[in-house]
Structure formats: C-alpha cells, structure tokens
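This report concerns only the one structure given below.
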Number of protein chains: 4
Amino acid sequence: MATEKAIRHAIVEQDNDERAAAGRPRSEPARKAILDATRKLLMHTPLLQISIESIARKAGVGKTTIYRWWPNKSSVAMEAFLEQPGLQHINPTTATAAEAIERLLENLIRQLRGHNGRIVAGIIAESQSDETVLDLLYEKFLKERVETLYSLIERGQKEGDFAINMDADIAIDMLLGPLFLRVLSGEHGISQDFAEKFPKQALMALKA
Amino acid sequence: MATEKAIRHAIVEQDNDERAAAGRPRSEPARKAILDATRKLLMHTPLLQISIESIARKAGVGKTTIYRWWPNKSSVAMEAFLEQPGLQHINPTTATAAEAIERLLENLIRQLRGHNGRIVAGIIAESQSDETVLDLLYEKFLKERVETLYSLIERGQKEGDFAINMDADIAIDMLLGPLFLRVLSGEHGISQDFAEKFPKQALMALKA
Amino acid sequence: MATEKAIRHAIVEQDNDERAAAGRPRSEPARKAILDATRKLLMHTPLLQISIESIARKAGVGKTTIYRWWPNKSSVAMEAFLEQPGLQHINPTTATAAEAIERLLENLIRQLRGHNGRIVAGIIAESQSDETVLDLLYEKFLKERVETLYSLIERGQKEGDFAINMDADIAIDMLLGPLFLRVLSGEHGISQDFAEKFPKQALMALKA
Amino acid sequence: MATEKAIRHAIVEQDNDERAAAGRPRSEPARKAILDATRKLLMHTPLLQISIESIARKAGVGKTTIYRWWPNKSSVAMEAFLEQPGLQHINPTTATAAEAIERLLENLIRQLRGHNGRIVAGIIAESQSDETVLDLLYEKFLKERVETLYSLIERGQKEGDFAINMDADIAIDMLLGPLFLRVLSGEHGISQDFAEKFPKQALMALKA
DNA sequence: AGGTAACCGAGACGGTACGTCACGTCTTTAC
DNA sequence: GTAAAGACGTGACGTACCGTCTCGGTTACCT
C-alpha cells in the first residue's frame with residue numbers, strides 16, 4: 001500500500017503536462033507547510049520521536065492531508081530533506097578522475113554535516129522496518145552520485161591512476177561507508193577533522 | 001534513568017562474589033526466557049516492530065521483570081545478540097599485521113551475516129533516538145576489535161607494510177564502514193561476493 | 001442552516017408554477033439516483049451506519065449535490081421513505097368511528113412492517129440529536145393520521161361509543177405508542193401476531 | 001466482541017465471592033469518574049453527540065480504561081443511568097391489581113421525566129445500530145417491571161377487574177408505549193399533564 | 001449567438017472521533 | 001525482594017466521515 005501511494009504520488013508529480021485532473025487541486029501551501037514543519041522538527045528531534053500528528057499540528061494541517069500524499073513519515077522527512085537548496089548532485093568536471101572523486105566526496109561531506117546528517121541517519125534508521133524507504137533514498141539521493149563514482153573509478157583505472165585489480169562496487173563502499181558510519185555514529189556526526197582528511201586518504205586507497 | 005538501570009544491571013552482574021542480597025534472588029529461568037523470546041522474534045521481525053509487550057508475552061513473563069533489568073528493548077536485543085556463541089573477539093596471532101587484519105575482518109563478516117546483521121542494524125537504528133544504546137554496542141562488541149585494529153595498523157606502519165601518512169581512525173572507518181553500510185542496506189545484508197572480496201581489497205587500500 | 005436548506009428545498013419543490021430560475025436546473029436523474037441509493041442502503045444497514053459519503057458513492061454523485069438539497073442524511077432517508085408508493089394517508093370512510101380507526105391502524109401497521117419500520121426507527125433515532133427531523137417526520141407522515149384520529153375519537157365520543165372522560169391526546173398515544181414501541185424494539189419489528197390483535201384490542205380500550 | 005466484553009464485565013461483577021484475581025485490581029475511582037462524567041455530559045448533550053473521548057477527557061481517564069470495561073458508549077450511559085438512586089423497581093403491594101399498576105406507572109413516569117428521559121431516549125436511539133444495547137436496557141431496567149405488570153394483569157383478569165379477552169403482551173405495550181413515545185418525542189419529554197392523566201386513563205382501558 | 005448563472009462530478013481541505021496498540025508505571029497476590 | 005498478572009494515564013497510529021471548498025465542465029435561460 002505504501003508502494004501504491006508512492007506510485008500515485010510519482011504519477012501526480014509527473015503528469016503536469018496533461019490536462020488537470022478532476023476535483024480540487026492539491027494545495028501547494030499545505031504541501032509547503034508540511035515540509036517546513038517537518039524540517040523545523042527535524043532540527044532538534046530525531047525522526048523516530050517525531051509523529052505524523054506532531055507534523056500535522058505544527059503545519060496547521062489535517063493528518064489526512066499528510067497520509068493522502070505520503071505513505072509514512074520517512075517519506076515526508078526525505079522530501080523535506082531533498083527539497084533543500086544545495087543538495088543537487090553536481091557532476092565534477094576536472095582534469096583527473098582522482099580530483100573529481102575528491103570534489104564529489106568533499107561536496108557530499110558538506111551536504112551531510114549538521115542537521116542533514118541527523119535527518120539522513122533518521123531515515124536510514126526508519127528504513128530498517130520498511131525497505132521502500134531505503135530504496136527511495138538511494139533512488140533520489142545516492143544513485144547519481146554512485147553512478148558518477150562508478151564511471152570515475154573505471155576512468156581512473158583505464159588511465160592507470162587506480163589499481164586495476166579492484167572491484168568498483170567495493171571501492172564505492174569504501175568511499176561512502178565511512179561517511180555513513182560517522183553520520184550514524186550519533187553525537188555530532190562528521191567532525192571537522194574527518195571532513196578534511198577523509199577525501200585525500202580515501203583517494204590514496206584507490207591509487208595503483 | 002536508562003543509565004541508572006544499566007549501571008544497576010552491570011553491578012548485579014558483577015557482584016556475584018559478594019554475599020547474596022536479601023529477598024528472592026533474580027530468576028534465571030525468567031532471564032533466559034526473555035532473551036530466548038527476543039532472539040526468536042528477531043529472526044523474522046525488525047527490532048523497530050518488536051515491542052516489550054510482545055517479548056513479555058512470548059516469554060511468559062511480566063513486563064515489569066523486563067523493565068527491572070533492562071532500560072529498553074535495544075539493550076535486551078543487544079544482550080540476546082551478544083550472548084550467542086561464536087561472537088567473542090579473538091585476537092588473531094599471525095606473522096604479519098596485514099594477515100591479522102584480514103582474519104579479523106573475515107571473522108567479523110562471518111559474525112555479521114544473516115540474522116545477526118539484521119539485529120545489529122536494528123540496534124543501530126534504535127540508537128538514533130538514544131545514544132546510550134550505541135555506546136553500549138561499541139563498548140560490548142566493537143571496542144576490542146577497534147583497539148586491536150588500531151594496534152595492528154600502527155604495527156603495520158612501523159614495519160613498513162602500510163602507508164605512513166595515514167590516519168588510523170579513518171583507516172578503521174574504511175575497514176568497518178563498508179561492512180556496516182552493507183548490514184544496514186537491507187534485503188540480505190552482506191553478500192557472498194562481498195564477503196570474499198572485501199578483506200583483501202581493504203588490505204590493498206592500506207598498503208604503502 | 002439546516003432549516004434554511006429545508007426551506008429552500010420546500011420552495012424549490014413548490015414554485016414550479018412560477019417562471020424557471022436562471023442557470024442550470026436541478027438534475028432529476030441525480031435526485032433519483034440519490035434516493036434510490038439511499039433506499040437500497042437502508043435495506044440492509046441501519047441509518048446510523050449510513051454516511052452521506054456512502055450514499056454519494058453508491059449514487060455516483062458528488063457530495064455537494066446532496067448537501068445542496070438536503071440538510072442531513074435523515075432528511076434524505078425521510079424523502080426516500082415517503083416517496084414510496086402506498087404510503088399516502090387514506091381517510092377511511094366507514095359507518096362507525098370505531099371501524100374507521102381500526103382501518104387506519106391496520107393500514108399504518110401495514111406501512112410500518114418490514115424495511116419501512118427499520119427506516120422510521122432510524123429516523124427517530126437520528127432525531128434524538130436534531131429536533132427538526134422529528135418535526136419533519138410528524139409533518140409529512142404522522143400529522144394527517146393524528147388529525148384524522150383526533151376527529152374520529154371525538155366523533156366516537158359524541159356518538160356514545162367511546163368513553164367520554166377520556167383525553168384524546170392520550171388516547172392517540174395509546175393507539176400509536178405500542179406501534180412505535182414495536183418498531184423501535186429491533187429484531188423484526190411488528191410481529192404477525194401483534195398486527196392481527198392490536199387494532200381490535202386498542203379499540204376495546206376506547207369503548208365506553 | 002461487544003458480547004465478549006459484556007460477558008467479561010458481568011463475570012467480574014459477579015465473582016466477588018471468590019478470591020481476588022491476579023494483577024492490579026480495577027480502579028474504583030476511575031469507574032466512578034467515568035460514570036460521573038457521563039452523567040454530567042448527558043445533562044446537556046444528546047448521547048449521539050457524546051464521544052468516548054469526551055467522556056475520557058472529562059473523567060481524567062484514558063480511553064482504554066473505558067474500552068476495557070464497556071463495549072460502547074451506550075453501555076456506559078446505561079450504567080450511569082441505572083446507578084442513580086431511586087431507579088430500583090419496587091413491587092407495589094396494594095389491595096387491588098389496578099391500584100398496583102397505577103402506582104407502578106406513576107413510579108415509572110417519575111423515573112423517566114427530565115434528564116433520565118433524555119438518557120433513555122439516547123440509549124434507544126443508539127440501540128438502532130446495536131441490538132445488544134437494547135437487550136441490556138430491557139434486562140437491567142424493564143424486565144422486572146414488565147414481569148410485574150404481567151402478573152398484575154393476570155391477577156386483575158382472574159379477579160374480574162380487567163377484560164378477559166385481552167392479550168397481556170399487547171396490554172403491556174399499551175401501558176408502556178405511550179410513555180416511551182413521549183420520551184422519544186423530544187423537546188421536554190413527559191409533560192405534567194400527561195404524567196397526571198395517563199395512569200388513570202390507561203387503567204380505564206384495561207377495565208372489563 | 002453569447003453570456004451568465006446555477007448546476008454537476010470529483011476530490012482535496014482542516015477537523016473530530018474512532019478503536020487499537022504500546023508505552024512505562026502502578027498495585028495486587030504469591031513465592 | 002522478585003515474579004506474574006494486569007489495570008492505569010498517555011499518546012500515536014491509520015481510517016472514516018464530517019461539512020466546506022475549489023476545480024473543470026455542463027445546461028439552460030436571458031439578453
């Protein structure tokens with residue numbers, strides 16, 4: 001059923017080129033109020049302790065309006081998270097694959113520090129009882145970055161910069177794993193020290 | 001209060017050499033029933049969806065008995081998890097630091113595949129709203145392994161096997177991060193392919 | 001506002017001799033669909049459990065169309081009930097007042113057995129939180145019968161058939177009370193046995 | 001399920017002679033608070049418009065505590081109604097059956113005037129979608145009175161005071177029907193005028 | 001013929017209440 | 001003092017309807 005709603009949602013999002021559907025159209029103010037309220041709550045409360053009711057209350061919105069458009073609170077949190085400015089993936093264009101990966105990691109670290117880290121951690125936590133949430137997080141946030149990393153690693157290998165006997169999937173895990181480990185490790189997430197040292201050290205590990 | 005109980009618990013566990021406290025002693029059958037029931041529930045249900053009530057029901061035990069000895073369900077799950085055979089840390093004694101790390105990783109992977117991975121993932125998820133749980137997981141399960149890795153990395157660096165300009169903390173993250181990433185990534189956790197390739201590839205990354 | 005709508009409704013019904021109002025006229029098919037759907041739902045569901053939404057759904061009609069013409073579901077149910085054939089009051093013309101009353105009661109019993117009884121019971125029940133509904137039921141269904149009974153009782157008293165020291169209002173209650181008591185008593189409403197015996201026995205009670 | 005709870009309730013009520021059941025006993029203050037709150041709400045609100053939540057709120061009690069002991073709000077209302085002083089049935093002992101019936105009716109009228117009438121009307125209304133409620137009302141309130149009337153009518157017939165060709169069931173309906181009709185007729189229920197005249201006139205109807 | 005007014009279906013909206021579940025605490029009897 | 005049992009106040013769940021609203025579209029009368 002979660003899937004059903006997610007699909008409906010996706011369809012509604014996409015068929016804006018066709019003529020408007022019958023009935024009163026979705027309220028944009030309500031949508032914004034919900035996502036704003038969610039973002040504000042996520043500032044100082046772990047997702048697990050946030051309830052749909054508290055979001056509805058804070059947004060001045062009926063519970064049903066939330067349930068009509070999102071299957072669960074993780075999805076709301078995810079949309080609130082993804083809608084922020086500065087979260088789009090930018091494909092780094094640099095001379096070498098190594099440099100591009102370094103930029104990508106720096107960028108990702110910047111995006112996952114502070115509140116955002118807490119939010120992502122909350123979503124991952126919640127996903128442990130609902131796989132579709134995790135899939136959505138991958139699809140909407142990670143996929144582009146992973147695919148970019150994949151091609152960069154291949155390029156680096158072809159150009160002789162990176163070890164040739166290296167599984168790309170595992171290499172990607174070694175680039176992203178430490179990040180998420182820190183994000184999930186509570187307290188203050190990614191430290192300044194880690195943010196500075198990790199991209200360079202990760203690259204070293206890929207070198208031939 | 002969680003902390004208070006955890007401490008009481010620790011004391012109770014350790015003062016078995018002192019004279020017995022007054023009153024009826026703790027019921028060992030009840031303790032076992034609780035942990036058994038928890039393990040069975042964890043086989044096919046994510047921790048998030050398990051309730052203290054369901055554990056009590058399944059164990060044929062009063063809720064109070066659980067609350068008396070554990071501060072929350074994550075702690076129960078953790079004790080159920082740690083009490084299994086084959087989970088102790090074994091300090092690998094081999095010729096080289098590299099080989100020792102490889103053994104340690106292989107061992108850890110073996111311990112985190114299947115159900116155990118789901119349990120650990122559940123505990124990490126739950127920890128997002130309660131830091132003490134994460135601390136306990138580190139203390140009881142990860143600490144020894146991390147410390148061993150730490151000294152092995154230092155030894156490898158001294159012996160010239162590992163890169164000298166490498167932050168040990170980050171290196172450890174690169175060894176453990178991919179593991180936990182897989183464990184948390186749902187579905188079937190650590191794949192056979194990953195299990196075989198990762199330890200070797202991780203070591204490559206440390207090499208000078 | 002309920003009153004307002006009821007009044008508007010009444011006007012609309014009656015001013016068919018005046019020139020038609022501007023704008024699209026009321027849709028007769030929609031009106032019929034609503035009343036039909038209501039009747040069908042009332043066959044196997046108590047009024048209390050029927051919702052405006054379920055009527056609209058079943059009738060293939062917008063909720064607004066119902067709210068535009070009826071103030072609440074009891075009014076819809078009542079119109080659905082009253083629109084049936086065989087429910088009009090027929091003033092019995094017989095030699096004696098006693099016989100006329102007997103005919104009237106027999107007729108009323110016939111009209112209130114089966115589904116109709118359940119519907120009336122539902123309307124009375126609903127009326128406990130909205131007096132206007134009860135008023136409407138009296139006005140549209142009971143009034144004529146009560147007035148007829150009133151004059152028949154007076155006639156019977158004048159002709160010496162009925163006790164002279166008898167309050168007519170109370171006498172009417174004794175004629176109608178048992179009927180509605182049975183109708184409201186659930187299960188199967190008015191039994192065959194009651195239907196046969198009551199009119200005669202009620203008359204006995206009026207005799208001088 | 002309603003039945004299940006009602007049965008449980010009944011059992012709990014009756015086995016007070018056996019030894020106390022395990023577990024924390026039912027809270028008498030909570031029970032009283034619930035019934036008091038219900039009575040107060042019924043003073044100025046029809047039962048249909050009262051919600052379990054409003055009762056719980058007013059009583060300072062959890063919703064579950066109500067659901068634990070009563071299957072629906074009608075049952076709560078009924079117990080609140082029946083627990084009042086002066087509602088017990090008193091078997092009138094007088095010289096003649098006629099006088100006894102007159103006393104019984106006077107007593108019943110007294111018990112059903114004012115608020116109590118509204119409450120009973122609300123219960124009957126609610127019962128239209130749940131037969132068990134009506135059964136309970138009969139069992140706990142009406143049964144004794146009906147049985148007493150039954151034997152009084154028989155006695156009156158034997159003694160030659162009442163018409164012999166009279167169905168006792170229907171006679172009882174003619175005694176009680178008008179009462180309930182008035183109670184259900186909204187506004188102010190049983191009028192002073194009715195209260196004074198009805199018992200005598202009803203008796204006249206039974207006379208031979 | 002075009003304008004306009006009221007209708008129609010669809011369905012989103014802010015609400016209220018539902019009946020259930022689990023929480024963590026408490027109060028009882030029994031061991 | 002611990003244990004099982006189970007009631008307690010609390011609060012969130014996800015659902016059903018409420019009565020209102022806002023759309024695009026329709027249908028009749030009135031210029």
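Chain identifiers are assigned alphabetically (A, B, ...) following the order of the sequence lines, protein sequences preceding nucleic acid strands; residue numbering begins at 1 within each chain.
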Problem set entry | Nearest-angstrom distance from the residue atom CZ of R26(A) to C1' of dA12(E) | 10 Å
Problem set entry | Closest nucleotide among dC23(F), dA12(F), dG9(F) to the V61(D) side chain | dG9(F)
Exercise. Within the structure shown, what part of the strands sits under 4.0 Å from S54(C) by heavy-atom distance: base, sugar-phosphate, or nothing?
Worked result: nothing
Problem set entry | Closest approach of V133(A) to S74(A) (non-hydrogen atoms, all atoms of both residues) | CG1-CB, 3.5 Å
For this session: Taking all non-hydrogen atoms of both residues into account, name the closest pair between I52(B) and K63(B) and its distance.
Result: CG2-CG, 4.4 Å
Seminar exercise, completed: Separation of dC13(F) atom P from I50(A) atom CD1, nearest Å, is 11 Å
For this session: Rounded off to whole Å, could you give me the NZ-to-C1' distance for the K63(D) and dC23(E) pair?
Result: 15 Å
Seminar exercise, completed: Nearest-nucleotide check on DNA chain F, T65(D) vs G62(B); residue mapping nearer the 5' end is G62(B)
For this session: Find the distance N72(B):CG to dT25(E):C1' and express it as a whole number of Å.
Result: 16 Å
Exercise. Rounded to the Å, how far apart are E53(D) CD and dC13(F) C1'?
Worked result: 12 Å
Exercise. For dA12(F), does OP1 or OP2 lie under 4.0 Å from any side-chain N or O of R57(A)?
Worked result: yes
Exercise. Given side chains that start at C-beta, do those of W69(D) and R31(D) come closer than 4.5 Å, heavy atoms only?
Worked result: no
For this session: Compare side-chain N and O positions of R68(B) against OP1 and OP2 of dT2(F) and report whether any pair is under 4.0 Å apart.
Result: no
For this session: Would you kindly compare A30(C) and S27(A) by the position of their nearest DNA chain E nucleotide and give the one closer to the 5′ end?
Result: A30(C)
Exercise. So, the side chain of T38(A) versus the backbone of I34(A): is there a donor-acceptor pair under 3.5 Å, distance only?
Worked result: yes
For this session: For Q49(D) and for R24(C), locate the closest nucleotide of DNA chain E by heavy-atom distance; then report the residue assigned to the nucleotide nearer the 5' terminus.
Result: R24(C)
For this session: Measure from CD on E28(D) to P on dT27(E) and round the result to the nearest Å.
Result: 16 Å
For this session: Taking all non-hydrogen atoms of both residues into account, name the closest pair between Q49(C) and T45(C) and its distance.
Result: CB-CG2, 3.8 Å
Exercise. To the nearest Å, how far apart are W70(B) CH2 and dA3(F) C1'?
Worked result: 13 Å
Seminar exercise, completed: On DNA chain F, more 5' by nearest nucleotide between T64(B) and T64(A) is T64(B)
For this session: Round to a whole Å and report the spacing from CD1 of I52(B) to C1' of dG6(F).
Result: 16 Å
Problem set entry | Short side-chain N/O contact to dG1(F) OP1/OP2 from W69(B), under 4.0 Å | no
